[in-house]
Each structure stands twice: as structure tokens, then as C-alpha cells.
Trainee: 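Input: one structure, supplied below.
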Amino acid sequence: MLPNNEEHLRYLRVLARQFPTVAAAASEIIRIEAITRLPKGTEHFMSDLHGENEAFLHILNSASGVIREKIDLVLGEGVPAAERAELATLIYYPAQKLPELKARQADLEGWYRKTLLRLIELCRQVSSKHTRAHVRRCLPQSCAYILDELLHAHFEDHDKDLYYGQIIDSILRYDRADAYVIRFCEVIKHLAVDRLHILGDLFDRGPRPDLILDQLMAHHDVDIQWGNHDVVWMGAASGSPVCIFTVLKTSLAYGNLDLLETGYGISLRGLERFAVEFYPGPQHPRWEPHLDPRQTAAPAVQQRNARMHKAVTLLLFKLEAQVIARNPDFGMQGRDCLNHIDYAAGTVRWAGGTSPLLENDFPTVDPAAPAALTPREEELVAELVRAFTQSERLQRHVRYLYARGAVYKVTNGNLLFHGAVPMTADGDFARETFEGQGYSGRALFDYCDRRARAGYFAPPGSAARLAGQDFLWYLWCGALSPIYGRSAMTTFERLYIADKAAHAERKNPYYALVSGPGAAAVAERILAEFGLSGEGCHILNGHVPVRAVEGEDPVKAGGRLVVIDGGFCRAYHRRTGIAGYTLVYNSRGLTLRTHQPFESTEAAIRDDEDIDSQSAYIYTAPHRILVRDTDEGRDLQQMIGDLSRLVDAYRTGLLPEQPGG
């Protein structure tokens with residue numbers, strides 16, 4: 001047990017400053033050993049939120065049904081279902097629900113007593129697998145002492161009801177009941193889930209991803225695996241013109257201008273003027289935004305947005321061609337679509353042949369230099385680059401995505417990523433060459449992560465910054481991007497070629513390999529590439545909506561892989577037949593939750609309506625998973641080893657104790 005080299009001895013001297021005696025070190029060992037014997041904390045997994053802020057908040061608040069399960073367990077069927085539903089809504093939305101519930105009470109004081117007692121018991125239940133020190137850290141400072149007393153009081157020497165009653169009397173006497181109800185609700189939500197994992201695609205399609213990010217930033221423990229819709233916004237925030245115009249194109253295609261103008265303070269007036277100048281006439285309906293049932297727009301507004309959509313899209317095609325030209329290692333030659341048009345004939349070269357264009361209206365394109373920007377376009381690009389880089393709120397959100405995010409994460413036996421591990425049809429890891437070096441498997445993921453960070457953090461104006469910005473766009477749509485996982489983004493084809501065969505975006509062989517014969521072996525190989533093995537290890541990802549309505553199973557590869565993109569976004573509900581999957585990983589195993597569409601926060605608060613969900617275990621642990629079985633547990637065991645060596649060093653005189661030090 002004694003240190004075997006001078007370096008380790010130096011480390012023990014540093015550790016001795018915190019634990020200067022045998023007693024101090026031994027006490028810490030005992031404390032850590034107690035923690036390792038607690039049940040593993042609950043992890044919550046969500047993916048492909050796509051701006052659906054209300055559905056996200058409800059699933060977050062309910063912990064995918066975990067809190068309702070605790071309510072039913074604690075209160076039991078002796079409490080009417082309607083009262084349990086009311087309590088659940090109160091916990092999910094305490095500030096909004098509390099005034100409504102108070103207004104309906106004939107005996108408000110009696111209701112406060114009953115509700116506070118129920119919240120205390122529920123809070124005791126969700127805190128039972130946490131140390132008292134951890135629970136104390138979760139309590140709001142303004143009332144931490146009283147909450148701690150209510151949660152951890154012992155009743156061997158005095159009457160429980162009398163004790164609680166006296167404290168609640170004081171709370172009521174000083175008009176603090178509302179504050180304590182709200183605080184208990186927030187503590188319950190905090191303790192119900194230890195860690196939240198977001199498997200990518202917070203942005204686009206749905207209305208307010210900015211509000212989702214506000215909620216994530218307020219959460220106690222989050223990690224994010226970037227999706228392709230996230231990295232393109234990260235590129236836009238860095239000042240990449242091609243990423244900015246990609247973001248604008250998607251926002252205009254789905255009618256999400258409020259996010260840009262209200263959410264991030266990005267003015268589109270210059271873009272609107274440009275669109276009116278160059279595309280003044282009526283535009284084909286294909287350019288009009290796809291509105292979901294929550295949105296309405298007058299025909300004149302739809303036409304205004306169609307002109308802007310078209311103007312942005314043609315500018316985007318120019319910028320894409322420039323990025324492709326300066327990055328030959330992206331392997332995207334042929335995707336510079338403007339360079340393949342015969343403008344006189346109104347045709348485009350595609351798939352070895354020629355197709356007629358659905359329209360031949362390119363007023364800002366010079367056929368001799370299709371990718372060149374006009375002076376007016378350069379002016380507009382510069383204006384929008386300033387707007388994106390100077391949006392304080394967008395910058396704050398993107399810095400958070402970088403701080404809490406990555407291309408992938410390995411945690412507690414699970415491999416998390418958004419899209420795919422690029423593979424060849426015969427099951428090898430696909431190899432891509434960037435900057436003269438080949439990458440595949442985990443090395444490709446690590447390389448992509450480094451390049452993505454350079455696009456935002458490299459010095460402004462540097463070659464590394466520009467190259468990193470271009471790479472963020474590649475991650476959005478590149479054929480071997482592990483975040484995208486398809487052959488090409490066929491935006492041009494969908495807008496300009498009638499033949500639907502041209503619209504296909506072929507999935508990387510990964511998707512067929514993890515769904516077909518031998519899928520379990522493929523999953524095992526991928527897990528091993530990232531350092532994982534064993535029955536309890538899983539691949540968790542999103543990105544491709546599971547068509548549950550057609551019978552597709554989100555659990556693949558013999559149970560080793562789970563796809564949890566079930567269509568959070570309303571635009572996908574018809575395609576998937578559901579409104580999303582989430583996962584809950586607790587000390588008993590891994591549970592898949594299947595959710596039906598969420599109407600609105602207003603309806604949930606008003607009618608105590610929860611999301612209709614189904615739950616099924618997809619992995620049941622052979623024994624209850626304890627903290628010692630987790631990544632944190634391994635770190636704690638290492639700390640126990642170091643402290644044990646410190647104790648031995650004290651006892652053998654290798655290091656002197658410092659009582660009172």
C-alpha cells in the first residue's frame with residue numbers, strides 16, 4: 001500500500017493538506033465507502049427536441065413519468081386519481097398551478113397542511129438514495145434549514161404529526177406556505193433525476209430552441225451530444241457565412257422567424273429589402289414556409305417569406321460552392337450545384353445525366369462565375385454576420401453548447417452520440433482523410449470534436465478559424481460526418497428537380513448494419529472501439545426518426561442499441577405515429593418511455609393532463625446497480641485507494657501527521 005515512487009509521494013503530500021491526520025483520512029474513507037453503497041442515481045436521456053420547448057419542459061418536469069410513479073407509490077390508490085394528477089401538475093408547474101388550486105379551496109389552511117405533508121413524504125422518497133449532504137446542497141438557501149429538518153427528522157422521541165404540525169403552523173403563521181410549496185416542488189424535480197443527457201438536435205423546425213437552452217442552463221447536471229442542427233448554429237454564431245445562411249434557410253422553410261428576431265434579436269429587414277429587390281414577383285408555393293397547425297400566416301406574409309427563402313437559398317448555394325472549392329478533402333465535389341447548371345437550356349447535370357430545372361430564375365447568378373457574390377450580396381452577408389456574432393444571447397447559448405457538449409460521450413457503460421459511426425457496407429469503420437491524415441471509428445469522432453472547437457475558439461481571422469467554420473458546415477451535411485450519417489443533403493434537388501429519385505439521401509451503411517443479420521456483433525464491435533464491453537453496455541443515439549407507426553422497433557442489435565428519436569417535433573408526428581421516446585436509467589436498469597403528442601402547457605396546467613406515455617424495461621440489471629458500479633464509483637474507489645496509502649504513510653512515519661493543521 002505504500003507509495004512506490006517520488007511522484008506519488010508528492011501527490012500524498014498534497015492530499016495530506018486536506019486530510020492531515022489518520023483520523024481525518026479514515027473518516028473520509030468511511031464517508032466515501034458509504035456513498036458507494038447507495039443505489040445509482042437516475043439518468044434521463046432525451047433526443048431531437050427540435051425547438052419543441054413546451055413538450056420538452058413537460059417531459060423534463062415530469063422526468064418522463066418518474067415523478068408520477070413516485071406520487072402513486074407514496075400516496076397509493078387510497079388518494080383519488082384526480083388528486084394525484086393535481087399534485088403532479090403542481091410539482092411540474094408550481095408557480096403557475098398554485099394560484100389556481102388556492103382559488104378553489106374552501107379551507108385553504110387545511111389544503112396547505114395536506115399538500116405540504118404530501119410533498120414532504122414525496123421528497124423523503126426521492127431523497128432516500130442520496131446522502132444527506134447531497135440533499136442539503138440541493139436545498140435553496142432561503143429555507144434550507146427548515147426543509148432539512150422536515151426531511152431528516154427522526155421520531156423515536158417525539159410524535160411525527162405533532163412535530164410536522166408545529167413547523168407547518170409556523171410556516172402558515174408567517175405567510176410562507178407558497179414559498180415552501182414551490183421550494184419542495186423544485187427539490188423533488190431536482191432529486192428525481194441526477195443527470196440529463198441530450199443526444200442532439202435542439203434547434204430547427206420547432207418554434208423556440210432558445211427557451212430549451214435557457215432551461216438546460218438552469219439545470220443542475222446536463223451533457224449534450226451535438227446534432228447536425230446544433231453544429232450549424234454553432235457555426236453561425238462563430239460568424240461562418242455558409243452556416244448563417246443554412247440557419248436562415250431552415251428557419252424560413254419552417255416559418256421560425258420569431259426565433260431569429262425575438263429570441264436572438266437578429267434583424268431580417270436587410271434580407272427582406274434584398275428579396276423584394278431581386279425576387280419581386282409571385283413565388284411558387286414550394287418556397288413558402290411549411291407551417292405546423294399552431295401557425296397561421298396571411299398569403300401576403302407567406303409570399304414575403306417565400307421571397308426571402310428563395311433569396312437566402314440561392315446565396316447559400318453560392319457559399320456552399322465556395323466552401324467545397326477550398327476544401328477538396330471534404331469529398332463533396334458535385335455538390336456545388338450552381339456549377340452544374342446550363343443556364344441557357346434550363347437544365348442541370350445530375351447522376352450522370354441531365355434533368356430539366358423546375359424553374360430557371362437566377363437573377364443574381366453570373367453563369368460564367370456562378371459562385372461569385374455580387375456587391376449587394378457581399379453587403380448582405382456582412383450585415384448578417386455582424387448580427388449573428390453580436391447577438392449576446394445566441395453567443396451565450398453557443399458557449400454553453402461548447403462547454404457542456406461534444407461529438408460523443410461514454411458514461412456508465414453507455415455510448416452516446418447523435419448520428420452514426422460511419423461504416424462501409426462490409427462492416428469496417430469508414431476511413432476519411434482530412435489534412436493528409438486518415439481517421440476512422442473513435443479517432444474520427446475525436447478529430448471532428450477538435451475541428452468543431454477550432455471553428456469557434458481559434459483566433460478570429462486565422463486560417464484555423466476559417467477551416468474550423470467550414471468543418472462545422474461539413475459536420476452538418478458531409479457524407480462521412482458522424483453527426484449527419486447520410487450521402488448528401490439534397491436541398492437543391494428537392495427544390496429544382498422533379499424526379500423524386502434525385503431527392504433521396506442514402507443512409508450510411510451503419511443503419512442497415514445495426515438493424516440486419518449480425519447486428520449484435522456490429523454493436524459489440526462499435527462498443528469495443530469506444531472501450532466498452534459487457535451485457536450492461538449500450539449504444540444510444542437519435543437523429544433518424546423511428547417509424548413506430550409502421551412497426552419499426554427503436555431497440556436494435558439484439559438490445560444493444562436504442563434509437564430515441566421518435567419524433568418530438570410536430571413535423572414528424574405523422575411520419576412516426578408518436579411524439580418521441582426518452583430513456584430512464586436507474587438502479588434497476590434501462591427503461592424506454594414512449595410518448596404521445598403534448599397539446600400545450602396551458603392545457604396541462606388547466607386540466608392536469610399529463611403526456612400519455614408507455615414504459616418498458618429494455619435492460620434489467622442482474623442486481624441493483626450501486627454507485628460503486630458507475631464511473632463515479634470507480635473514481636471514488638481510486639480516491640479510497642489514495643487515502644488508504646495516505647493512512648499507511650502516516651502509520652509508517654513516511655509522512656508526519658499534522659494535528660490541528
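Predicted model, so just to flag it, every value in this text is computed and none were measured.
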Trainee: Looking at the rings of His58 and Tyr93, which for Trp means the six-membered one, are their centres under 6.0 Å apart?
Mentor: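 For His58 and Tyr93, the ring centres are under 6.0 Å apart.
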Trainee: Quick one: do Asp194 and Lys40 make a salt bridge, cutoff under 4.0 Å?
Mentor: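 No, Asp194 and Lys40 are not salt-bridged.
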Trainee: Can a donor-acceptor pair be found between the side chains of Asp201 and His418 at a distance below 3.5 Å?
Mentor: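 A pair is found: one side chain offers a donor N or O, the other an acceptor, under 3.5 Å apart.
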Trainee: So, for Trp226 and Phe203, is the gap between ring centers shorter than 6.0 Å?
Mentor: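 When the ring centroids of Trp226 and Phe203 are compared, they turn out to be at least 6.0 Å apart.
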Trainee: I need the minimum non-hydrogen distance between Ala604 and Thr89, along with the two atoms involved.
Mentor: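 For Ala604 and Thr89, the tightest heavy-atom pair comes out as O-CG2, 3.6 Å.
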Trainee: If you apply the rule salt bridge (charged side-chain N to carboxylate O under 4.0 Å, His left out), what do you find for Asp629 with Arg624, and how did you get there?
Mentor: CA-CA 10 Å; Asp629 304 314; Arg624 194 165 193 192; over 6 Å; no
Trainee: Relative to the ring of Trp233, is the ring of Tyr264 parallel (under 30°), tilted (30 to 60°) or perpendicular (over 60°)?
Mentor: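 Correct class here is tilted.
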Trainee: Do Thr42 and Arg195 have side-chain atoms, one donor and one acceptor, less than 3.5 Å apart?
Mentor: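 Looking only at side-chain atoms, Arg195 and Thr42 do not form any donor-acceptor pair under 3.5 Å.
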Trainee: Taking all non-hydrogen atoms of both residues into account, name the closest pair between Asn256 and Arg205 and its distance.
Mentor: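 For Asn256 versus Arg205, the nearest heavy atoms are ND2-O, 3.0 Å.
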Trainee: Look at the side chain of Asp214 and the backbone N and O of Leu211, then say whether any donor-acceptor pair between them is shorter than 3.5 Å.
Mentor: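 Judged by distance alone, no pair lies under 3.5 Å.
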Trainee: Would you say Leu101 and Thr115 make side-chain contact, with heavy atoms under 4.5 Å?
Mentor: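 No, side chains not in contact.
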Trainee: Assess the residue pair His50 and His229 against the criterion (ring pair (Phe, Tyr, Trp, His ring centres under 6.0 Å)); give the C-alpha distance rounded to whole Å, side-chain angles, the decisive distance to 0.1 Å, and a yes or no.
Mentor: CA-CA 8 Å; His50 283 301; His229 287 269; 5.0 Å; yes
Trainee: Check whether the side chains of His197 and Gln225 place a donor and an acceptor atom closer than 3.5 Å, and report yes or no.
Mentor: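 On atom types as modelled, these side chains do not qualify, holding no pair under 3.5 Å.
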Trainee: Tell me, with the steps shown, if Ile564 and Leu592 meet side chain to side chain contact (heavy atoms under 4.5 Å, CB included).
Mentor: CA-CA 8 Å; Ile564 60 171; Leu592 181 69; 4.2 Å; yes
Trainee: At their closest point, which heavy atom of Val563 faces which heavy atom of Tyr581, and how far apart are they?
Mentor: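 Looks like O-CD1, 4.0 Å.
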Trainee: Is any side-chain heavy atom of Ile605 closer than 4.5 Å to a side-chain heavy atom of Glu100?
Mentor: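 The answer is yes, as the side chains (C-beta and beyond) meet within the 4.5 Å cut-off.
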Trainee: Heavy atoms, side chains only, cut-off 4.5 Å: are Met423 and Ile526 in contact?
Mentor: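 Met423 vs Ile526: side chains touch.
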Trainee: Do Leu401 and Leu213 come within less than 4.5 Å of each other through their side chains, counting heavy atoms only?
Mentor: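 A side-chain contact exists here, since the closest heavy-atom pair is under 4.5 Å.
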Trainee: Verify, without hydrogens or angle tests, whether Asn412 (side chain) and Asp631 (backbone) share a donor-acceptor contact under 3.5 angstrom.
Mentor: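 Side chain of Asn412 to backbone of Asp631, a donor-acceptor pair under 3.5 Å: yes, one is there.
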Trainee: Determine whether Ile224 and Lys409 make a side-chain contact, defined as any pair of heavy atoms from C-beta on separated by less than 4.5 Å.
Mentor: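 Of all side-chain heavy-atom pairs linking Lys409 with Ile224, none is under 4.5 Å.
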Trainee: Checking Val74 against Arg118 for the side chain to side chain contact (heavy atoms under 4.5 Å, CB included) test, could you report, in this order, the C-alpha distance in whole Å, the side-chain angles of both residues, the deciding distance, and whether it holds?
Mentor: CA-CA 8 Å; Val74 170; Arg118 287 175 173 174; over 6 Å; no
Trainee: Parallel, tilted or perpendicular: which fits the ring planes of Tyr585 and Phe45, with parallel below 30° and perpendicular above 60°?
Mentor: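 Rings of Tyr585 and Phe45: tilted, 30 to 60°.
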Trainee: Indicate the atoms forming the closest heavy-atom contact of His219 with Asp221, along with that distance.
Mentor: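 Taking His219 first and Asp221 second, the nearest heavy atoms are ND1-N, 3.1 Å.
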Trainee: Val627 versus Thr630: any side-chain heavy-atom pair under 4.5 Å?
Mentor: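 Yes. Closest side-chain heavy atoms under 4.5 Å.
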Trainee: Give a yes/no verdict on a cation-pi contact between Lys507 and Tyr511, requiring under 6.0 Å between NZ or CZ and the six-membered ring centre and an angle within 45° of the axis.
Mentor: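 Yes - Lys507 lies over the ring of Tyr511, closer than 6.0 Å to its centre and within 45° of its axis.
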Trainee: Which atom pair, heavy atoms only, marks the closest approach of Pro207 to Glu52?
Mentor: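 Looks like CD-OE1, 4.2 Å.
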Trainee: Establish, from distance only, whether the side-chain atoms of Tyr112 and Asp107 form a donor-acceptor pair under 3.5 Å.
Mentor: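 Side chains of Tyr112 and Asp107: no pair found under 3.5 Å.
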Trainee: If you take all heavy atoms of Leu216 and Tyr400, which pair is closest and at what distance?
Mentor: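 Heavy atoms only, the tightest pair is O-OH, 3.0 Å.
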Trainee: Side chains of Ile188 and Leu119: does their closest heavy-atom pair fall under 4.5 Å?
Mentor: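 When only atoms from C-beta onward are counted, Leu119 and Ile188 do touch, with a gap below 4.5 Å.
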Trainee: For Tyr92 and Leu57, run side chain to side chain contact (heavy atoms under 4.5 Å, CB included): C-alpha distance rounded to whole Å, both residues' side-chain angles, the deciding distance at 0.1 Å, then the answer.
Mentor: CA-CA 9 Å; Tyr92 304 161; Leu57 181 58; over 6 Å; no
Trainee: Determine, stepwise, if the pair Arg173 / Asp169 fulfils salt bridge (charged side-chain N to carboxylate O under 4.0 Å, His left out).
Mentor: CA-CA 6 Å; Arg173 187 181 312 120; Asp169 281 344; 5.3 Å; no
Trainee: For side chain to side chain contact (heavy atoms under 4.5 Å, CB included), just list the numbers for Arg560 and Glu524, CA-CA rounded to whole Å, side-chain angles, deciding distance to a tenth of an Å, and then say yes or no.
Mentor: CA-CA 8 Å; Arg560 304 311 298 275; Glu524 295 282 0; 2.2 Å; yes
Trainee: If we ignore angles and hydrogens, is there a donor and acceptor under 3.5 Å between the side chains of Arg593 and Thr582?
Mentor: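 Arg593 vs Thr582: no donor-acceptor pair found between side chains.
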Trainee: Roughly how far, to the nearest 0.5 Å, is CG of Leu90 from CD of Gln96?
Mentor: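 Nearest 0.5 Å value for the CD-CG distance: 10.5 Å.
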Trainee: Parallel, tilted or perpendicular, judged at 30° and 60°: which one describes the rings of Phe530 and Tyr408?
Mentor: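 Perpendicular.
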Trainee: Do the side chains of Leu172 and Arg113 get nearer than 4.5 Å, heavy atoms only?
Mentor: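 Yes - at least one pair of side-chain heavy atoms lies under 4.5 Å apart.
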